[in-house]
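Positions are given from 1 along the sequence. Remember, it's 1-based here, ligands and their atoms both numbered in the order they're listed.
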Amino acid sequence: TRKSRPQRLLKAVEGKATLGDPQSVITAIDHFCRHKEWAMNVGDEKGSILDSLVIELSPVNVLELGTYCGYSTVRIARLLPPGARFITLEFNPDYAAVARQVIGWAGLEDKVQLVEGASGDWIPRLREHFGVQMFDLVFLDHWKDQYLPDTKQLEECGLIQKGTVLLADNVICPGTPDYLKYVRNSPHYDSRYYRSHLEYTKVEDGLEKSVFLGF
Ligand SMILES: O=C(NC/C=C/[C@H]1OC[C@H](O)[C@@H]1O)c1cc([N+](=O)[O-])cc(O)c1O
Ligand SMILES: [Mg+2]
């Protein structure tokens, strides 16, 4: 059967990138998505904003919701300090299989724990299963209607604490209206919008950064 788009994206990485070189993996994916086939990676423009926030925060415990092909996983993992812990959750096994290989090609497999399954099932188990107490950074990039319920569940599980930074992709396109309303109206979050564009297009989109202020 014909290969899937994630599999074709992986082929582009294997054909173009240098093994163990995260930047070459990022460049190969961006080239593939700009010139061959669009894919829902955070992309280079929003990716640069993501990079600067990761560098500024220098997070020790990171959670990513929605791995897809591992593009943002590689962007984040390549910037983490030694000893940092990075868990990325992906529901779709085919995406997860491609992401493992993309992360491996970047030489970052030792920095990332890719967990397959639904975020709603895994969030209550992260503490006892991975021994993580709280997250310094949560990157939300999975199903858009899951951002809000998963954020509330992370709060209830105590995995979001004072100072935790939530960074949400696609708050304009495809859009996450209920999540945006929540973080922007809640007295417990200090939220700001980083205006950008939907990956590889001229359509407006952006990242919302929300700092938890404590209860
Ligand atoms: O649905 C998006 N992401 C959620 C991904 C959902 C899939 O990955 C997690 C789960 O396995 C699901 O099958 C998305 C969609 C667009 N888009 O333009 O349609 C742009 C983006 O940056 C996106 O993250
Ligand atoms: Mg996205």
Side-chain angles (χ1 to χ4, degrees), residues 3-10 12-13 25-26 29-54 62-77 86-103 112-123 125-126 137-151 153-154 165-180 183 191-210:
K3 289 200 174 313
S4 68
R5 177 169 308 179
Q7 285 169 323
R8 294 195 294 272
L9 180 149
L10 174 61
V13 168
V25 169
I26 293 163
I29 294 173
D30 286 331
H31 187 272
F32 175 80
C33 293
R34 210 173 267 292
H35 303 293
K36 297 282 187 315
E37 300 182 57
W38 185 91
M40 59 182 173
N41 316 116
V42 73
D44 46 355
E45 194 180 314
K46 288 184 288 181
S48 300
I49 301 167
L50 171 63
D51 287 357
S52 53
L53 292 172
V54 172
V62 183
L63 174 65
E64 175 180 62
L65 301 177
T67 315
Y68 187 42
C69 294
Y71 175 88
S72 50
T73 319
V74 168
R75 286 202 82 111
I76 294 167
F86 184 10
I87 297 167
T88 182
L89 297 186
E90 177 49 56
F91 173 79
N92 182 312
D94 299 326
Y95 294 168
V98 166
R100 283 192 204 288
Q101 296 174 80
V102 168
I103 294 160
V112 182
Q113 286 186 281
L114 196 161
V115 178
E116 284 183 46
S119 48
D121 298 341
W122 268 102
I123 285 169
R125 296 162 56 193
L126 292 174
L137 172 66
V138 181
F139 181 55
L140 300 98
D141 194 21
H142 58 333
W143 278 312
K144 307 315 160 195
D145 58 3
Q146 277 303 114
Y147 284 27
L148 184 53
D150 287 353
T151 296
Q153 200 177 23
L154 284 163
V165 173
L166 305 184
L167 190 61
D169 189 27
N170 310 118
V171 295
I172 302 300
C173 178
T176 63
D178 58 344
Y179 171 82
L180 216 42
V183 289
S191 208
R192 66 161 286 187
Y193 175 60
Y194 291 78
R195 185 162 186 233
S196 183
H197 296 94
L198 179 69
E199 48 268 26
Y200 317 115
T201 77
K202 293 185 167 50
V203 174
E204 183 180 346
D205 186 27
L207 302 173
E208 186 83 2
K209 176 190 169 189
S210 308

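With Arg5 contributing its side chain and Trp38 its backbone, the two residues share a donor-acceptor pair below 3.5 Å. The backbone N or O of Asp51 lies less than 3.5 Å from no partner atom in the side chain of Arg75, so there is not a single donor-acceptor pair.
At the shortest separation from atom 5 (C) of ligand 1 among protein heavy atoms lies Met40 CE, 3.7 Å.
Between Ser119 and Leu65 the shortest heavy-atom distance is CB-CD2, 4.1 Å. The two residues Asp94 and Asn92 have their closest heavy-atom pair at N-OD1, 2.8 Å.
Residue His142 approaches ligand 1 through these ligand atoms, each under 4.0 Å from one of its heavy atoms: 3 (N), 4 (C). If you number the atoms of ligand 1 from 1 as listed, the ones under 4.0 Å from a heavy atom of Tyr95 come out as 7 (C), 8 (O), 11 (O), 13 (O). Of all atoms in ligand 1, listed by their number and element, those nearer than 4.0 Å to a heavy atom of Asp169 are 22 (O). Heavy-atom contacts of Asn170 reach the following atoms of ligand 1: 20 (C), 21 (C), 22 (O), 23 (C), 24 (O) (cutoff under 4.0 Å). Ligand-side atoms of ligand 1 in range of Asn92: 11 (O), range being under 4.0 angstrom from any heavy atom.
Only the side chain of Leu198 comes within contact range of ligand 1, with a heavy atom under 4.0 Å; no backbone atom does.
The shell of residues lying under 4.0 angstrom from ligand 1, judged by heavy atoms, includes Pro174. Contact analysis leaves Tyr200 out of contact with ligand 1, as no non-hydrogen atom separation drops below 4.0 angstrom. Note on ligand 1: Trp143 sits in its first shell, one or more heavy atoms being nearer than 4.0 Å.
Heavy atoms of other residues, nucleotides or ligands lying less than 6.0 angstrom from OH of Tyr200 number more than 12.
The option from Lys46, Glu199, Glu90 that lies nearest to atom 10 (C) of ligand 1, judged by heavy atoms, is Glu90. In this comparison of Glu116, Gln146, Lys144, the heavy atom closest to atom 3 (N) of ligand 1 sits on Lys144.
Here the two rings, on His142 and Tyr147, have centers that are under 6.0 Å apart.
At a threshold of 4.0 Å, the pair Glu116-Arg100 counts as salt-bridged, since one of the basic side-chain nitrogens sits closer than that to a carboxylate oxygen.
With Asn41 as reference, Leu9 is the one residue of Asp141, Leu9, Asp169 to meet the side chain to side chain contact (heavy atoms under 4.5 Å, CB included) rule.
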Q: Under the side-chain contact (heavy atoms from CB on, under 4.5 Å) rule, what do Cys33 and Glu199 come out as? Steps first, then yes or no, please.
A: CA-CA 9 Å; Cys33 293; Glu199 48 268 26; over 6 Å; no
Q | Asp30/Tyr71 under side-chain contact (heavy atoms from CB on, under 4.5 Å): CA gap, chis, key distance, verdict | A | CA-CA 9 Å; Asp30 286 331; Tyr71 175 88; 2.8 Å; yes
Q: Before giving the answer on side-chain contact (heavy atoms from CB on, under 4.5 Å), spell out for Leu207 and Lys46 the whole-Å C-alpha distance, their side-chain angles and the decisive distance to 0.1 Å.
A: CA-CA 7 Å; Leu207 302 173; Lys46 288 184 288 181; 4.2 Å; yes
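Residue Leu137 holds its CG atom at 8.0 Å from CZ of Phe86, rounded to the nearest 0.5 Å.
With a cut-off of 2.8 Å, the protein N/O/S atoms near the Mg ion (ligand 2) add up to 3.
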